[in-house]
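Hydrogens, waters and symmetry mates are skipped; everything else that's a heavy atom, side chains included, is used. For ligands, and for the atoms within them, numbers begin at 1 and follow the listed sequence.
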Amino acid sequence: MNDLSGLKQLLLVVLIFVPFERLLAARPQKILRRGLLTDMAFLFLNGWLVVGGVIAIMTAAVLVNQSILPAAVTQTIGDLPYLVQVPIVILIADLGVYWTHRILHVVPAMWEIHSVHHAVEELDWLAAVHQHPLDVIFMKAGALFPLYALGFSAEAIATYLLIYFWQTWLVHANVRLNYGPLRHILVSPEFHHWHHSSETEARDKNFAGLFSFYDVLFGSAHLPKGQNPKTFGVDHPMPSSYLALLAYPIVAWTSKRKRNDPPAAQPHMPSGGEPAQPRQSAPLS
Ligand SMILES: [Zn+2]
Ligand SMILES: [Zn+2]
């Protein structure tokens, strides 16, 4: 959110999602919830930190497009009609999101970056931005690198980005929406809420951004019928301020704590100097 059009978009998001969450709340939750100020910092400051990474991804992809892939392939793709390109772009980008997200979960060093996103305990639309800048860069690389490398049109890629922009707010929103019979095809708020669940059976599940069928296909779907996640967050203490969360991966990489260590075994010290308080998730009923 670095410019006026970004601020207008944000205003629109607020005007849509704040009443939407009041109307269809999945859990009772205040608008002025815990961690709101930290999320505002993510919202307004992350963009400045990721811009260099995104430019690097696009530059590398354009180089691959122009010097590695055969021109006949990239030209044929670029010449496809817009309405043919858009569904292909969305399918490829979400496959990239799926595997990048899965790698961020299973590679321990990557998890320390991505765990910042999973630290959120009161899930709502604004939790979408609670993401370490490196996490944002990796996810954008997974989605955008193949698109720019293969030579899809800027219009088709922009359409995907617009859909993904609204999808990220929607799937984090505190709304009760499960999409019924489409729940195993499209990612619903219910599907992504399970991804954020701190319950053991939901751990490392539901990686897709738009198409839940990727999780069904690759055996990582978790969507128990008639149930909803009770608690969110990670099972070890996390810092709560923006700067401490930015520093968190470095602190974690240099500590000996492992993801599966019991919570009390190695208490984490945030960069601010004060011991982090274990974030106990209250049952949300
Ligand atoms: Zn995740
Ligand atoms: Zn999320």
remark   = Row for the Zn ion (ligand 1): angle NE2 (H101) to NE2 (H114), 10° precision, value 90°

query = Which pairs, with at least one residue in residues 58-75 and sequence neighbours excluded, count as a side-chain hydrogen bond (donor to acceptor under 3.5 Å, both in side chains)?
reply = none

ask   = Any side-chain donor-acceptor pair under 3.5 Å between D39 and H130?
value = yes

task = Run through L12, L126, L170 and flag the one making a side chain to side chain contact (heavy atoms under 4.5 Å, CB included) with F17.
result = L170

message = Would the distance check show the side chain of S188 and the main-chain N or O of F191 forming a donor-acceptor pair, the cut-off being under 3.5 Å?
response = yes

request  = Determine yes or no for a side-chain-to-main-chain donor-acceptor pair under 3.5 angstrom, with R102 supplying the side chain and S220 the backbone.
outcome  = no

message = Counting the benzene-type ring for Trp, do H172 and H195 have ring centres under 6.0 Å apart?
response = no

ask   = Do the ring planes of Y214 and F211 sit parallel (below 30°), tilted (30 to 60°) or perpendicular (above 60°)?
value = perpendicular

message = Of all the N, O or S atoms in H105, which has the shortest distance to the Zn ion (ligand 1)?
response = NE2

note = Near the Zn ion (ligand 2), meaning under 2.8 Å, the protein N/O/S atoms are H117 NE2, H172 NE2, H192 NE2, H196 NE2

